[in-house]
Student: 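Here it is: the structure, laid out below.
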Amino acid sequence: MSRIAYVNGRYLPLRDAMVNVEDRGYQFSDGVYEVCEVRGGRLIDERRHIERLARSLSELRIPMPMSAAALGVVFRETVRRNKVRWGIVYLQITRGVSRRDHAFPPAGTLPSIVVTARNLDLQGAEKLAADGVAVITLPDNRWDRVDIKSVSLLPNVLAKQAAREQGAREAWFVDDQGLVTEGSSSNAWIVTRDGKLVTRQADHAILRGITRTVVLEVLKEQGIKLEERAFSVEEAKEAREAFITSASQLVLPVVKIDGKPVGNGAPGLISSALRRDFHRHAETT
Ligand code: PDD
């Protein structure tokens with residue numbers, strides 16, 4: 001089946017889906033993106049993803065190219081045309097096409113918008129969650145506004161590759177105080193020995209993950225003790241459990257940090273329960 005992409009108002013086979021070489025996303029990473037889970041062909045937490053998108057755009061002073069409702073229509077149509085049952089819808093908006101100049105293009109330059117969707121391997125993902133994954137740690141060398149979901153992801157790309165080369169699934173960034181910020185494409189969590197859930201406070205040093213927000217709601221509802229604060233690599237290595245969250249990986253248990261087993265080296269009870277219960281709390285539309 002040929003995949004279909006939405007590009008600036010048209011649905012095109014992927015091989016014909018092109019952007020201009022002078023697109024500012026291509027030349028300057030001058031754009032933002034969102035990734036939303038698709039489950040049973042429906043969107044998970046669409047409202048929150050679109051709200052975060054609007055915030056990212058506004059922080060970068062890129063106009064929202066269409067209404068949230070119109071975007072929802074494009075998401076659904078792209079999911080439908082690609083026959084996605086479980087997978088992701090990807091959206092990217094850039095500051096548009098203009099002759100190369102670092103400063104903003106002339107007023108009235110239209111943002112570019114691309115939406116793609118694809119199936120992911122559900123069985124593979126469940127197997128990964130049942131086994132748990134390894135993470136490595138490395139210095140956080142990103143800029144100080146990673147709360148904006150910008151397509152400028154070079155440090156994340158290099159970190160993920162370093163993880164792959166060391167047989168790990170994710171890399172956790174560590175700030176200059178030895179505290180974990182987040183993963184290269186996920187938020188980081190631990191469960192302490194006394195059963196408290198810990199994840200870094202959402203300031204400018206992490207992306208405020210939508211999966212993270214939903215998990216926080218689950219914890220509140222279930223009365224589980226929570227601390228929104230930074231934790232060190234040492235604390236994580238001594239934790240009872242660890243896990244990561246993202247729209248495409250959901251709640252994914254971490255069983256090894258820098259080669260050292262977490263807890264008894266198997267996915268923890270709390271992490272597994274959160275993964276199982278997640279969709280009862282997320283919004284499906
Ligand atoms: N990544 N932190 C970073 C750096 C991320 O890239 C992501 C998501 C998250 C988790 O956010 P959410 O729960 O809203 O997915 C945290 C997406 C999935 C990606 O780049 O593919």
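Both counts, for ligands and for their atoms, begin at 1 and track the order of listing.
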Student: Mind telling me whether Trp172 and Phe231 have parallel, tilted or perpendicular rings, with 30° and 60° as the class edges?
Tutor: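 Phe231 vs Trp172 ring planes: perpendicular.
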Student: For the residue pair Asp175 and Thr181, confirm or rule out a side-chain donor-acceptor distance under 3.5 Å.
Tutor: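 On atom types as modelled, these side chains do not qualify, holding no pair under 3.5 Å.
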Student: Atom CD in Glu228, atom CG in Leu219: separation rounded to 0.5 Å?
Tutor: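 Result: 9.5 Å between the selected atoms.
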Student: Is the closest side-chain heavy-atom distance between Tyr33 and Leu91 below 4.5 Å?
Tutor: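 Answer no - side chains too far apart.
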Student: Under 3.5 Å, N/O to N/O: give me all the pairs between ligand 1 and the protein, one per line with atom names and distance.
Tutor:
from: ligand 1; atom 1: 1 (N); to: Lys149; atom 2: NZ; distance (Å): 3.4
from: ligand 1; atom 1: 1 (N); to: Ser185; atom 2: O; distance (Å): 3.4
from: ligand 1; atom 1: 2 (N); to: Glu182; atom 2: OE1; distance (Å): 2.6
from: ligand 1; atom 1: 13 (O); to: Ile210; atom 2: N; distance (Å): 3.3
from: ligand 1; atom 1: 13 (O); to: Thr211; atom 2: N; distance (Å): 3.0
from: ligand 1; atom 1: 13 (O); to: Thr211; atom 2: OG1; distance (Å): 2.6
from: ligand 1; atom 1: 14 (O); to: Arg52; atom 2: NH1; distance (Å): 2.8
from: ligand 1; atom 1: 14 (O); to: Arg52; atom 2: NH2; distance (Å): 3.0
from: ligand 1; atom 1: 14 (O); to: Ile210; atom 2: N; distance (Å): 2.8
from: ligand 1; atom 1: 15 (O); to: Ala247; atom 2: N; distance (Å): 2.8
from: ligand 1; atom 1: 20 (O); to: Tyr33; atom 2: OH; distance (Å): 2.8

Student: Does the side chain of Thr94 pick up a donor-acceptor pair with the side chain of Asp23 at under 3.5 Å?
Tutor: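 Note: Thr94 and Asp23 side chains meet the donor-acceptor criterion.
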Student: I'd like to know if the side chain of Ser56 pairs up with that of Lys149 as donor and acceptor (distance under 3.5 Å, no hydrogens or angles considered).
Tutor: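 Ser56 vs Lys149: no donor-acceptor pair found between side chains.
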